[in-house]
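Position 1 is the first residue of the sequence, and the numbers go up from there. Read the numbers this way: they start at 1 and go in the same order the structure lists the ligands and their atoms.
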Amino acid sequence: MPKRPDYISWDEYFMGVALLSAMRSKDPSTQVGACIVSPEKRIVGVGYNGFPSGCNDDDLPWEREGAFLETKYPFVCHAELNAILNSSGNLKGSSLYVALFPCNECAKAIIQAGIVEIVYLSDKYADTDAVKASKRMFGQAQVRLRQITPSGKRLVIELKV
Ligand SMILES: Nc1ccn([C@H]2C[C@H](O)[C@@H](COP(=O)(O)O)O2)c(=O)n1
Ligand SMILES: [Zn+2]
């Protein structure tokens, strides 16, 4: 019997894991997931945006606007940082799949961890200083940037066999 022809590609698989991880996020406006992949194509870390462990999801604010301390921004841990912190072992030479282009704070951690490639879907915050700084650092550190064109393909997961 020939092999099944309609299996998903590596990019679809790893971005799919990143998008599935994003579904764990409690952020009401933007859910981001990240998946770190070793040079041997093993998943070595996953994460999504959320408040740090032990911090109450219901006590901290999810607002986007208002006084800084009344918004989510000082408290939320980004998907990329969580994926690095959740990872097991050495990330040198690995690739990071993430739905949304990394900010400058995550870029520092990504570079220091030895990640050499960012594969992303959206760059919707490209005009922000955070993303401009991030791209400047990635350029200097020779981190490869690869945007996947959304194919619109639907990866359906049914919780049954
Ligand atoms: N690369 C990124 C960018 C953003 N996030 C997180 C941080 C927030 O929880 C949310 C963005 O919220 P918005 O300003 O769009 O309401 O996404 C991340 O994890 N990774
Ligand atoms: Zn970030």
Nearest non-hydrogen protein atom, [atom]:
atom	result
atom 8 (C) of ligand 1	D27 OD2, 3.4 Å
atom 17 (O) of ligand 1	N49 ND2, 3.3 Å
atom 11 (C) of ligand 1	T30 CB, 3.7 Å
atom 1 (N) of ligand 1	E80 OE2, 2.6 Å
atom 5 (N) of ligand 1	V32 CG2, 3.8 Å

Distance only, no hydrogens: is a donor on one side chain within 3.5 Å (strictly under) of an acceptor on the other, for N49 and S25?
-> yes
Of all N/O/S atoms in H78, which lies nearest to the Zn ion (ligand 2)?
-> ND1
Is Y125 in contact with ligand 1, taking contact as a heavy-atom separation below 4.0 Å?
-> yes
K135 NZ/CZ over F101 ring centroid, <6.0 Å and within 45° of normal | yes
Numbered atoms of ligand 1 (with element) below 4.0 Å of [X], judged on heavy atoms:
X	answer
R64	13 (P), 14 (O), 15 (O), 16 (O)
S29	16 (O)
F101	1 (N)

Tell me, do Y125 and T30 make a side-chain contact under 4.5 Å, heavy atoms counted?
-> yes
pair I118-P102: side-chain heavy atoms closer than 4.5 Å | yes
How about [X]: does its [atom1] atom have over 12 heavy atoms from other parts shown lying under 6.0 Å from it?
X	atom1	value
F75	CZ	yes
R146	CZ	yes
Q147	CD	yes

Smallest separation among heavy atoms of Q31 and D27, with atom names | NE2-O, 2.7 Å
Worked check of salt bridge (charged side-chain N to carboxylate O under 4.0 Å, His left out) between K72 and E63 | CA-CA 6 Å; K72 62 187 170 183; E63 308 310 316; over 6 Å; no
With a heavy-atom distance limit of 4.0 Å, tell me whether [X] approaches ligand 1 through its side chain, its backbone, both, or neither.
X	answer
Y73	side chain
L100	both
K72	side chain
P102	backbone

Nearest neighbour of atom 19 (O) of ligand 1 from the list S25, S122, A79, A34, on a heavy-atom basis = A79
Please walk me through it: do L91 and I36 pass side-chain contact (heavy atoms from CB on, under 4.5 Å)?
-> CA-CA 8 Å; L91 300 183; I36 306 176; 4.0 Å; yes
